[in-house]
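Throughout, protein chains are lettered first and strands after them, A, B, ... in sequence-line order, and every chain is numbered starting at 1. All heavy atoms count here, side chains included; hydrogens, waters and symmetry mates do not. Just so it is clear, the structure is predicted and the values come from calculations on it, not from any experiment.
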Amino acid sequence: TWLQNNSPGSPRTVAGGPAGPALPNGPLLGTNGATDDSKTNLIVNYLPQNMTQDEFKSLFGSIGDIESCKLVRDKITGQSLGYGFVNYSDPNDADKAINTLNGLKLQTKTIKVSYARPSSASIRDANLYVSGLPKTMSQKEMEQLFSQYGRIITSRILVDQVTGVSRGVGFIRFDKRIEAEEAIKGLNGQKPLGAAEPITVKFANNPSQKTGQALLTHLYQSSARRYAGPLHHQTQRFRFSPIAIDGMSGLAGVGLSGGAAGAGWCIFVYNLSPEADESVLWQLFGPFGAVTNVKVIRDFTTNKCKGFGFVTMTNYDEAAMAIASLNGYRLGERVLQVSFKTSKQHKA
DNA sequence: TAGAATT
């Protein structure tokens, strides 16, 4: 069921045609004799949102032996970011993958398979958002306007879904961030030849940077399916401080802590990935209220997360809301178990 | 005035 029609407004490949060859901008061999992966490592763009790592691997593994592959996902929500990397053992298989899979239509997407550029800071944050374009300007014309500032990796003009007419906004991704910076300096506020209005050129927002509000909305929707009533009814019911409840036997041995992290409710978070770090916990729990401390438990030798961590929150109701919302939450391919910390821990 | 392009 992957095969379907292309959608209008799909990005057109530039800079050397579809999946153009990588520029020889890296050494062929490292000083230690390590193999050059510029001819085996591919980047795959415009993957369907619901494609999994396994499906991704299966698709590209059908070409040849894969050294490694990775579907890139949002660190917090685990959602696919729509692109991934495949490193083949044999450069010939990488070439074959480009020739046979680039342009493949999967659901509403047309995937792009091309050589990955060597990863470096200089190629990050090189995407520009352009608005105020003349409706008559084509993608090619937009590229011509911007190409004087550097090598364009991809470009796109957004069009009305119904009429197909340009909406006057688009994106330009340069090879290098400095090229994008120069393009802003040279073109922001300028009128293209013959245009009536000046265009606006600025760095594009990063679509993967979800706000706490967006995360909350996402969590509310997922937890609302698992709980009978609206969550805010619970929220208003309890509002007592940890100090006031201290000593109450009803909740003895549960959650409440008063250590170096300060008084608060200690929450146990289980089934984190080995790559999890403190920022993940901050971003997961921060939207629910006052968080005073987070800790990822790591293996002493590997420094990888051992699969669990702790979060301390100041207010009971906010902690309870976080637990109700995040327990059972799917983070990537894992389902979190979240509860107040108890004296006898993680037996399940 | 908004796309999932660097692990």
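Among Val201(A), Ile172(A), Val169(A), the single residue meeting the side-chain contact (heavy atoms from CB on, under 4.5 Å) criterion with Tyr129(A) is Val169(A).
Taking atom CZ of residue Phe56(A) and atom P of nucleotide dA4(B), one finds them 16 Å apart after rounding to whole Å. Atom P of nucleotide dT6(B) and atom NZ of Lys112(A) are separated by 12 Å, given to the nearest angstrom. If you take NZ of Lys202(A) and C1' of dT1(B), they are 7 Å apart, rounded to a whole angstrom. The nearest whole Å value for the distance from the CD1 atom in Ile76(A) to the P atom in dA4(B) is 22 Å. With rounding to whole Å, Lys135(A) atom NZ is found 11 Å from dT1(B) atom C1'. Atom CG of Asn50(A) and atom P of dA4(B) are 15 Å apart (whole Å). Atom CZ in Phe85(A) sits roughly 6 Å away from atom P in dT7(B) (whole-Å rounding). Rounded to an integer number of Å, the gap from Phe60(A) CZ to dT7(B) P is 18 Å.
Contact annotation: Arg173(A) does not reach the phosphate of dA4(B) (side-chain N/O to OP1 or OP2, under 4.0 Å). Side-chain nitrogen and oxygen atoms of Thr154(A) include none within less than 4.0 Å of the OP1 or OP2 phosphate oxygen of dA5(B). Within the 4.0 Å cut-off from OP1 or OP2 of dA4(B), at least one side-chain nitrogen or oxygen of Lys109(A) is found.
Stacking here means ring centres nearer than 5.5 Å and ring planes tilted less than 30 degrees, and by that measure Tyr83(A) does not stack onto dA5(B).
Listed candidates were dA5(B), dA2(B), dT7(B). Nearest to the side chain of Ile43(A) is dA5(B). Counting only heavy atoms from C-beta on, Ile123(A) has its side chain closest to dT6(B) among dT6(B), dA4(B), dT7(B). Taking every side-chain heavy atom of Ile153(A) into account, dA5(B) is the closest of dA2(B), dA4(B), dA5(B).
Judged by closest nucleotide on DNA chain B, Gly82(A) is the one of Asn87(A) and Gly82(A) placed further toward the 5' end.
A donor-acceptor contact under 3.5 Å links the side chain of Arg117(A) to the base of dT6(B). For Gln49(A) against dA4(B), a side-chain-to-base donor-acceptor contact under 3.5 Å is present.
Contacts of Lys75(A) with the nucleic acid, taken as non-hydrogen atoms under 4.0 Å apart, are absent. Ser80(A) comes within contact range of at least one nucleobase, with a heavy-atom separation under 4.0 Å.
Arg151(A) and Glu179(A) are not joined by a salt bridge, as no carboxylate oxygen comes within less than 4.0 angstrom of a charged side-chain nitrogen. Using a 4.0 Å cut-off between charged side-chain N and carboxylate O, Glu182(A) and Lys176(A) make no salt bridge.
For Gln49(A), the CD atom is densely surrounded, since the number of other residues' heavy atoms within 6.0 Å is greater than 12.
If you look at Tyr83(A) and Tyr46(A), their ring centroids are not closer than 6.0 Å.
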